[in-house]
Amino acid sequence: MTRIQKAALVLLGLVALASLAAGWIAPSSYSEQFRDAISAPPSARFPLGTDDLGRDRFARLLYGTRVSLLLAPAAAFLSTLIAAVVGGSAGYAGGRWERIVTLGIDLFLSLPWLFLLLAVRALLPLNTSPVASVTITFALLGCLGWATPARIIRAGTRTLVNSDFLVQARASGISGLRLFWRHLVPNLRPILLAQFWVSVPLFILSEANLGLLGLGVAEPLPSWGALLRELENYTAVLQNPWMLAPVVLLVTVVCCLQVVLRTEDRIPC
Amino acid sequence: MFLALLLRHARRILLTVLLGGLLGATLVRLGPGFGVDERELDNRLNQESQRAIRAEHAADSNIARFYLRYLTGLLRGDLGFSRSLNRPAAELLKERLPLTLVSLGYGVGGGVAIGLALALLTVWWRAPGADVLPALLSGLCLAVPAAVIALLFLWAGAPARWAIALIVFPHIYRYSKNLLSAAYLSPHVLLAQAKGLSSARVLFAHVALPAVPQLAALAGISVSLAFGASIPIEAISDIPGIGQLAWKAALDRDLPLLVNITVLIALMTMVVNTLADLALAGRSMES
Amino acid sequence: MLKHTLRILLGVAFAALPAAPAELRFALRTEPKTFHPLMVEDESSETIRYLTGGVLIRLNRYTQELEAELATKWTVSENGRRIDFDLRPNVQFSDGTPFSCEDVAFTVRQLMDPALHSPSGDAFRSAPGAVETGCVGSRAMARFPGPVAALAMQFDQVAILSAHSPRKEAAVLGPFALAEYKPGSYVLLRRNANYWKRDAQGRRLPYLDAIRLEIQQNRELELLRFRRGELDIVNRLDPEMFDRLSTEMPRAVVDAGPSLDMELVFFNQVAASPLPDYKRRWFRSSEFRRAISEAIHRDDIVRVVYHGRAQPSAGPVSAANHFWFNSALKPPIYSAAAALDRLERDGFRRSGEALLDRDGHKVEFSMITNSGNKLHERMLALIQQDLAKLGIQLNVVILDFPSLVERITRNFNYESVLIALTNVGLDPNDQMNIWLSSAENHQWNPNQKTPETAWEAELDKLMQAQTAVQDPKKRKLYFDQAQQIVFDQAPMIFLVNPNALSAVSPNLKNVTPALLHPQIYWNAERLNIAGAYTSQK
């Protein structure tokens with residue numbers, strides 16, 4: 001691990017620790033409304049000011065980090081795993097299985113999954129706890145977000161299937177599942193990690209959009225996605241630049257993830 | 001042989017598109033809020049009018065019958081009638097498709113251009129920290145909601161369609177950078193470098209060119225990404241394209257419109273991905 | 001000397017140039033669904049109907065009084081079944097076709113045609129049967145199957161169609177006529193050169209040459225375009241945008257005071273709903289509902305959510321409705337202690353942080369509202385905190401509109417709702433379908449075969465009584481009593497009446513903001529753009 005990767009890992013760890021210790025660090029609860037201090041600027045009392053309901057932004061950012069930092073990577077992991085299995089098996093097996101899977105992926109990409117999400121909301125009891133609701137949301141995102149990367153993984157697998165090292169492994173008698181897991185999957189790592197990295201912010205933002213359908217994080221629980229939706233009021237952002245704190249944090253986390261997950265070797269000169 | 005391949009693909013596209021339409025219609029039909037009309041909350045309407053409104057929607061409740069009617073209409077060029085916009089679906093699609101194709105052009109073209117350019121630059125430069133700026137830029141574009149990016153463009157007086165390119169490029173950049181970096185480690189590239197070829201020639205002739213089929217697969221994905229991004233972008237910036245139409249149709253549960261849009265997306269996705277597959281197959285045959 | 005001469009020459013040159021046409025520009029939030037005046041159901045189509053349609057009687061949005069338009073006089077008789085009009089002479093449609101009594105008869109018959117299902121027609125269909133129309137010279141008569149409350153006022157919504165024009169609905173009697181429509185982009189209305197109205201100096205109205213209605217769904221974009229001078233009016237600004245604009249362009253913002261609209265909450269009282277029995281008991285208790293009403297801090301909603309641009313409301317009629325408002329009703333004063341007392345009298349009790357009912361169930365319920373409405377989301381967050389002080393756990397659920405409508409009108413799978421009520425008209429008869437227990441829109445418990453409670457039976461009687469009389473004072477007496485019952489029983493908890501907020505370009509002249517829709521352009525025929533050349537003939 002390089003020095004930069006170690007530094008990125010430490011930074012990620014600090015962010016995760018801060019979110020877990022939100023109860024001690026945050027000066028107030030994430031839901032408490034200080035109705036006499038609406039949209040207040042940063043101060044000793046409110047390090048990042050308050051939002052339009054008088055809630056402490058700093059507290060909401062810390063607690064929101066807890067929700068998003070835990071669940072978004074979990075959803076990204078799930079979607080990447082499904083994509084690896086589906087795309088990898090299609091590229092590896094080839095033939096009819098590959099054609100069926102490709103057809104399935106293309107079909108999956110075309111369907112209006114919005115209605116499945118609405119149906120899930122309709123089936124859930126109205127009094128579902130915010131924690132359960134957000135967990136179900138991210139699980140759904142994980143289950144629905146595999147199709148695009150599966151295609152890329154399939155293309156990558158097809159290229160690797162005919163490569164020298166795999167031909168050699170086959171020639172030495174290794175075949176089937178062992179060939180797939182021991183020789184193919186490790187070489188797919190760069191693609192899989194790239195997919196994982198891209199999915200994390202994608203799911204955080206998707207969760208916020210699902211809030212419009214009754215899924216996602218319910219009030220008063222905060223999430224990065226919900227905090228980021230505030231940026232749509234761009235005039236307010238220009239006047240209150242501290243509203244950009246969630247973006248800064250998310251960009252930092254995404255960049256750190258990218259650095260930590262980097263797998264390519266140094267390119268020879 | 002090529003003709004046989006093309007015919008096979010055409011058959012596959014047709015099957016997928018028809019199946020996609022049926023599944024899409026089923027999802028819409030089974031989703032909550034189907035058959036409901038906001039006019040039911042209009043206090044001015046009496047019971048008879050309310051019943052008439054419900055009867056209008058009841059006609060589409062049998063999905064098999066609806067889809068059969070839709071397919072027979074399709075053969076005659078009749079794509080059905082949009083209840084939410086009170087116009088024939090064919091008219092709406094004809095008006096709006098060109099605008100979305102322009103948006104997709106911006107999105108895919110711009111996204112692929114920016115992503116590839118940054119990836120090429122990063123692998124060519126090869127200095128430590130060369131990818132910091134592109135990584136920051138792509139991280140920023142991934143972290144900011146599409147709606148906010150679109151609003152920023154509008155505020156700056158720039159076409160909001162460029163926002164689609166900014167949403168697509170991080171995906172292209174990341175994958176293509178990994179692809180190109182891995183290609184640099186291939187034996188033939190090492191040989192080319194050992195033979196003293198210039199770094200530019202190594203990059204373009206021996207690294208980038210052989211990776212084109214896999215990059216073509218990315219282009220296929222970027223169409224799906226760009227279309228997904230076009231929905232909020234068109235809705236925010238009031239571009240009357242298919243993306244905006246899709247969102248409105250979804251909110252109004254406009255079944256005829258949604259089925260047509262699903263079929264259209266399926267067709268676009270299939271055609272682009274088929275072309276990418278053909279390129280990949282061609283590359284495999286050569287090697 | 002040369003400079004001075006040049007200046008004079010330039011001034012003359014500019015004066016000689018034709019002035020820009022006087023074109024008013026504002027946005028429609030959705031695509032208009034129809035241009036047929038009798039089939040209007042959505043706001044955008046209603047805007048076009050208002051600007052192009054000529055009506056017999058107009059409700060002056062500013063004074064809230066009826067005024068003569070195409071009818072110079074009218075008489076209502078037979079207890080609201082019959083209306084006679086004296087028609088204005090020498091009036092033509094936009095294509096030159098003369099306006100006559102036959103056009104009125106034709107329009108009324110179309111309105112009442114059951115096959116057409118005209119939404120404006122429903123107000124006239126108080127009983128089954130056909131309408132009778134008659135023409136004697138320039139006098140038109142219509143006799144409806146049953147008494148129609150506020151019969152004259154209903155004609156404010158009826159644009160007269162031509163019985164003879166080859167252009168059919170495209171031939172109009174209003175100040176403007178449809179000139180161009182580009183779907184997804186704009187609707188252009190041009191001045192009706194044959195419009196009958198003239199100003200005090202005898203000049204033919206309208207002053208404007210055209211009205212361009214841009215189809216613009218995004219509110220932020222609409223505001224941006226207004227700031228850039230690309231739009232002249234923004235209707236129904238939300239409070240945040242209003243405040244933003246008032247710092248940048250203080251002369252451009254208009255706060256006309258509380259509107260007719262209201263924000264309200266109601267609970268599910270439907271017997272057949274899939275609620276547990278104990279919850280249904282809570283929601284059917286008027287003491288429970290009144291306690292919730294007392295526990296909601298309306299002043300905070302006004303201050304925090306509406307930035308002071310709303311008014312707490314007590315009943316189903318806003319103070320903006322001068323005649324029908326019951327001034328004896330006052331909004332409940334916020335008091336968590338009083339609310340808790342009321343709940344305790346109803347059998348509830350505090351247990352630690354939670355509130356329990358008489359059977360020990362924790363008081364927890366959900367409140368749904370429609371997505372895409374930031375004001376509702378903020379209100380819910382405030383209400384959630386207010387009720388938490390009583391130990392009530394409120395779960396906030398945002399749903400897309402069709403899902404919400406399905407729950408409250410079809411499967412009744414909800415517990416409570418926060419929703420907005422948009423009142424277009426002044427008359428209580430516009431709300432009949434809310435207050436009658438047998439009606440579809442008696443939201444908390446619709447379609448009752450017989451009233452399930454004594455107070456709903458009483459409410460039915462009072463609403464029917466006010467329909468049956470023509471004397472406005474008697475009607476007000478009945479309706480005041482109905483409002484009192486609604487206040488006492490709180491089937492709907494009225495929260496606030498938002499103010500009518502708009503943005504108007506300082507270049508727009510003769511603007512007299514009103515509380516009723518359309519607030520700014522209700523007198524479109526008299527609006528003008530400063531510095532624009534207008535036809536004086």
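In what follows, every chain begins at residue 1, and chains take the letters A, B, ... in the order their sequences are listed.
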Counting only heavy atoms closer than 4.5 Å, note whether B:I261 contacts chain A via side chain, backbone, both or neither.
neither
Calculate, to the nearest 0.5 Å, the distance between atoms OG1 and CG belonging to B:T16 and A:L103 respectively.
3.5 Å
Value for CG (A:L114) from CG (B:L258), rounded to nearest 0.5 Å, stands at 8.5 Å
In this structure, OH of B:Y175 is separated from CD1 of A:I153 (nearest 0.5 Å) by 6.5 Å
Among the listed options B:L225, B:T262, B:V144, the residue most often paired with chain A at heavy-atom distances under 4.5 Å:
B:T262
The reported gap from CZ in B:R174 to CZ in A:F196 (rounded to nearest 0.5 angstrom) is 12.0 Å
Selection from A:V254, A:V200, A:V253, A:L250 maximising heavy-atom pairs under 4.5 Å formed with chain B:
A:L250
Does any heavy atom of chain B fall under 4.5 Å from the side chain of A:L228, the backbone, both, or neither of them?
both
Calculate, to the nearest 0.5 Å, the distance between atoms CG and CD1 belonging to A:D106 and B:I13 respectively.
9.0 Å
Most heavy-atom pairs under 4.5 Å with chain A, out of B:L264, B:L27, B:V263, B:I265, belong to B:L27
For B:G24 and A:L111 the tightest heavy-atom approach is N-CD2, 3.6 Å
A:S110 and B:A266 have their tightest heavy-atom pair at OG-CA, 3.1 Å
Can you tell which part of A:L249 gets under 4.5 Å to a heavy atom of chain B, answering side chain, backbone, both or neither?
neither
Given the options B:M270, B:R29, B:R253, which has more heavy-atom pairs under 4.5 Å with chain A than any of the others?
B:R253
Portion of A:T102 that has a non-hydrogen atom of chain B nearer than 4.5 angstrom
both
Run through B:L19, B:L15, B:V17 and flag the one making a side-chain contact (heavy atoms from CB on, under 4.5 Å) with A:L107.
B:L19
Considering non-hydrogen atoms only, spot the tightest contact between B:R12 and A:R99 and give its length.
NH1-O, 4.1 Å
